[in-house]
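As a basis for the values below, the full set of heavy atoms in this structure was taken, side chains included, without hydrogen atoms, waters or symmetry mates. Whatever order the structure lists them in is the order used to number ligands and atoms, beginning at 1.
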Amino acid sequence: METDKKSRILIVDDEKMNLKVLADLLKETYALILARNGKQALKFAFQEPPPDLILLDVIMPEMGGYEVIKQLKENEKTKDIPVIFITALNSMEDEEHGLKLGAVDYIAKPFSPPIVKMRIHNYIRFVHQHKLLDKLAYLDALTEIPNRRRFDEVLKNEFARARRNATPLSLGMVDVDFFKQYNDHYGHAMGDKTLYRIASALVKSIKRPGDMVARYGGEEFALILPDTGHRSSLQVGEMARKAVLKEKIPHIDSTIFPHISVSIGMGTIDFPQHHAVGVIPSTTAPENGNIEYTPEFLIEMADQNLYRAKQNGRNQVY
Ligand code: GH3
Ligand code: MG
Ligand code: MG
Ligand code: MG
C-alpha cells in the first residue's frame with residue numbers, strides 16, 4: 001500500500017542487535033525511528049509528526065518500557081499512539097500487565113519475523129482507518145471545513161490553554177447577511193454552493209497556523225483565534241469580512257450590496273488580566289460583578305456583538 005510507506009514506526013530497544021533485527025524486517029515498508037532508551041523514546045514520540053506505532057522493549061536500564069508507556073498514556077498528544085511490547089518477559093502475568101497498561105499487543109521474544117511483520121502491518125492499517133474516521137467525524141460534509149463537534153473540542157482545549165498560559169483568546173461569530181433571501185432567489189442548491197465558497201474564502205483569509213475556521217451551524221461560521229487580543233481580533237475579522245466580499249458572489253436581493261456579505265461579532269477574554277474585553281453581554285454579567293469565564297461566555301459575547309453588527313447595518317465587524 002502506498003500510504004504504508006509514509007507510516008512512521010518508533011522502535012525502542014536498549015540492545016543494538018534487537019533494533020537491527022526489527023529494522024531489517026521493517027525498513028522497506030515503513031519510515032523507522034530508532035531509540036536506545038526510554039528517554040529517547042519519549043523525546044521521539046513527542047516530535048512532529050508523531051509516530052503511527054511504537055514497538056517498545058520492556059527491560060531497559062534507567063527507564064523501562066512500563067514507565068515509558070505510562071508517560072505516553074498520560075499525555076494528550078501521545079495517548080492514542082498504539083504501543084506493542086516486544087519483550088523477553090514471556091509469562092502470562094507479564095503479558096497481562098503490559099496489556100493493562102494500555103498496549104495494543106504483546107509479542108514475546110524470540111518471535112517469528114514474518115508473523116510480527118504481518119501483525120504490525122495490520123495495526124498500521126487500523127491506524128489509517130482510525131485517522132480517516134476521525135477526519136470524517138470532524139469535517140463538515142457541505143463546506144469541507146471542521147464541523148461543530150470539532151469546534152466544541154478545539155474551543156474547550158484552547159480555552160484551557162489560554163487560562164493556563166495567561167494568554168488572550170478571541171472568538172469570532174460569522175453570519176451571512178440576508179441568506180434566507182439568497183436561498184429564496186437563487187435556490188437552496190445554489191445556497192449550498194455559496195456556503196462552500198464563503199467557507200473557502202474565510203479559510204484563506206485566516207493566515208496564522210493556530211487559528212481555526214469552523215462551520216458553527218446553518219449559515220454561521222466561527223473563528224477561534226488563540227493568543228489574540230481584542231484589537232487584533234477585530235483586524236482578523238476585518239480581513240475575513242473583506243475576503244468574503246471580494247468573492248463578489250451576486251446577491252441582488254440583499255438590501256446593502258448586490259453581493260454576498262457577512263457580519264462578524266468578536267469576543268475576547270484577556271486572561272493576563274482575567275477580564276473580558278469589548279462589549280460584555282449583559283445577560284451573562286452576574287449582579288455581584290464576578291463573571292465566570294467559560295467557553296459559553298465567550299460564545300455569548302461574540303453572539304451579542306454579532307447582533308450589534310447586524311443592527312448597525314450588517315457587513316461589519318463588531
Ligand atoms: P441576517 O442578515 O439577519 O442574518 O438574515 P438571514 O436571512 O441570513 O437570517 P436567517 O437566520 O433568518 O436565515 C438564515 C438562512 O440560512 C435560513 C436558512 O434557510 C439558510 N441556511 C441555513 N443552513 C443552510 C444550508 O446548509 N444550506 C442553505 N442553502 N441554506 C441554509
Ligand atoms: Mg531490553
Ligand atoms: Mg443566522
Ligand atoms: Mg444570516
S.K.: Between F297 and F159, does the ring centroid distance fall short of 6.0 Å?
M.R.: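 Judged by ring-centre distance (under 6.0 Å), F297 and F159 do not meet the cut-off.
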S.K.: Using a strict cut-off of 4.0 Å, indicate which atoms of ligand 1 neighbour a heavy atom of V176.
M.R.: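 Close to V176: 2 (O), 4 (O), 8 (O).
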S.K.: For atom 5 (O) of ligand 1, what's the nearest protein heavy atom and its distance?
M.R.: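 Going atom by atom, the protein heavy atom closest to atom 5 (O) of ligand 1 ends up being F178 N, 3.4 Å.
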S.K.: Please confirm whether L195 comes within less than 3.5 Å of ligand 1 when only nitrogen or oxygen atoms on both sides are compared.
M.R.: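 Looking only at distances, the answer is no, because the N/O contact criterion of under 3.5 Å is not met.
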S.K.: What is the nearest protein non-hydrogen atom to atom 26 (O) of ligand 1, stated with its residue, atom name and distance?
M.R.: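 Answer, as residue, atom name and distance: R215 NH2, 2.8 Å.
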S.K.: Treating Y106 as the side-chain partner and T87 as the backbone partner, does any N or O pair qualify as donor plus acceptor under 3.5 Å?
M.R.: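 Side chain of Y106 to backbone of T87, a donor-acceptor pair under 3.5 Å: no, none is there.
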S.K.: Between L34 and F44, which heavy-atom pair has the shortest distance, and what is it?
M.R.: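 Of all heavy-atom pairs spanning L34 and F44, the closest is O-CE1, 3.3 Å.
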S.K.: So, does Y123 use its side chain to make a donor-acceptor pair with the main chain of V104 at under 3.5 Å?
M.R.: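 The answer is yes, because a donor-acceptor pair under 3.5 Å joins these two groups.
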S.K.: When you compare the side chains of S263 and D175, does any donor N or O come within less than 3.5 Å of an acceptor on the partner?
M.R.: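 Per modelled atom types, S263 and D175 side chains form no pair under 3.5 Å.
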S.K.: Checking side-chain contact (heavy atoms from CB on, under 4.5 Å) against L26, which of V21, L53, V116, I120 comes through?
M.R.: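 Per the side-chain contact (heavy atoms from CB on, under 4.5 Å) rule, the option paired with L26 is I120, out of V21, L53, V116, I120.
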S.K.: So that I can tick it off, tell me whether R148 and D152 are bridged by a salt bridge, with the cut-off set at under 4.0 angstrom between side-chain N and carboxylate O.
M.R.: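 Salt bridge present between D152 and R148.
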S.K.: Describe, in one word, how the ring planes of Y30 and H121 are oriented to each other, choosing from parallel (under 30°), tilted (30 to 60°) and perpendicular (over 60°).
M.R.: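 If you compare the ring of Y30 with that of H121, the planes turn out tilted.
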S.K.: What's the verdict on side chain to side chain donor-acceptor pair (under 3.5 Å) for D227 and T167, showing C-alpha distance, side-chain angles and the deciding distance?
M.R.: CA-CA 5 Å; D227 212 359; T167 49; 4.6 Å; no
S.K.: Starting from atom 6 (P) of ligand 1, which protein heavy atom do you reach first, and at what distance in Å?
M.R.: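 Residue, atom and distance for the closest contact: F179 N, 3.4 Å.
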S.K.: Which heavy atom of the protein is the closest neighbour of atom 22 (C) of ligand 1, given with residue, atom name and distance?
M.R.: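 Checked against all protein heavy atoms, atom 22 (C) of ligand 1 sits closest to G218 CA, 3.6 Å.
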S.K.: Hey, looking at atom 7 (O) of ligand 1, which of R314, K180, Q311, E220 has the closest heavy atom?
M.R.: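 Shortest heavy-atom distance from atom 7 (O) of ligand 1: K180.
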S.K.: Would you say the side-chain atoms of Y182 and H188 include a donor-acceptor pair closer than 3.5 Å?
M.R.: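 No, no side-chain donor-acceptor contact under 3.5 Å.
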S.K.: Can you tell whether the side chains of R149 and E153 come within less than 4.0 Å, N to carboxylate O?
M.R.: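 A salt bridge is absent here (no side-chain N lies under 4.0 Å from a carboxylate O).
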S.K.: Please could you name the atoms of ligand 1 that D175 approaches to less than 4.0 Å, counting only its heavy atoms?
M.R.: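 Close to D175: 4 (O).
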S.K.: Identify which protein N/O/S atoms are less than 2.8 Å from the Mg ion (ligand 2).
M.R.: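 Only D14 OD1, D57 OD2, I59 O fall inside 2.8 Å of the Mg ion (ligand 2).
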S.K.: Using a 4.0 Å cutoff against the non-hydrogen atoms of D177, which atoms of ligand 1 qualify?
M.R.: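 Atoms satisfying the 4.0 Å criterion: 2 (O).
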S.K.: For atom 28 (C) of ligand 1, which of D140, T143, D192, L142 has the closest heavy atom?
M.R.: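 Considering heavy atoms of D140, T143, D192, L142, the nearest to atom 28 (C) of ligand 1 sits in D192.
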S.K.: Would you give the angle at the Mg ion (ligand 3) between D175 atom OD2 and E219 atom OE2, to the nearest 10°?
M.R.: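 Roughly 90°, rounded to 10°.
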S.K.: Give the atom numbers and elements of ligand 1 that come within less than 4.0 Å of a heavy atom of G191.
M.R.: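 It comes down to these atoms of ligand 1: 29 (N).
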S.K.: For this output row, return yes or no: ring centroids of H251 and F257 closer than 6.0 angstrom.
M.R.: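 Ring-ring flag for H251/F257: false, centres at least 6.0 Å apart.
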S.K.: If you take the nearest heavy atom of each of K310, E219, Q181, which one is closest to atom 16 (O) of ligand 1?
M.R.: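 Heavy atom nearest to atom 16 (O) of ligand 1 belongs to E219.
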S.K.: Please determine whether a side-chain nitrogen of the Lys or Arg among D13 and R36 lies less than 4.0 Å from a carboxylate oxygen of the Asp or Glu.
M.R.: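 Result for this pair is no, no salt bridge flagged.
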S.K.: Is atom 10 (P) of ligand 1 less than 4.0 angstrom from at least one protein heavy atom?
M.R.: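 Under the 4.0 Å cut-off, atom 10 (P) of ligand 1 has no protein heavy-atom neighbours at all.
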S.K.: As a check for students: among V262, T255, N183, identify the option with a heavy atom nearest to atom 19 (O) of ligand 1.
M.R.: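 Answer by nearest heavy atom: N183.
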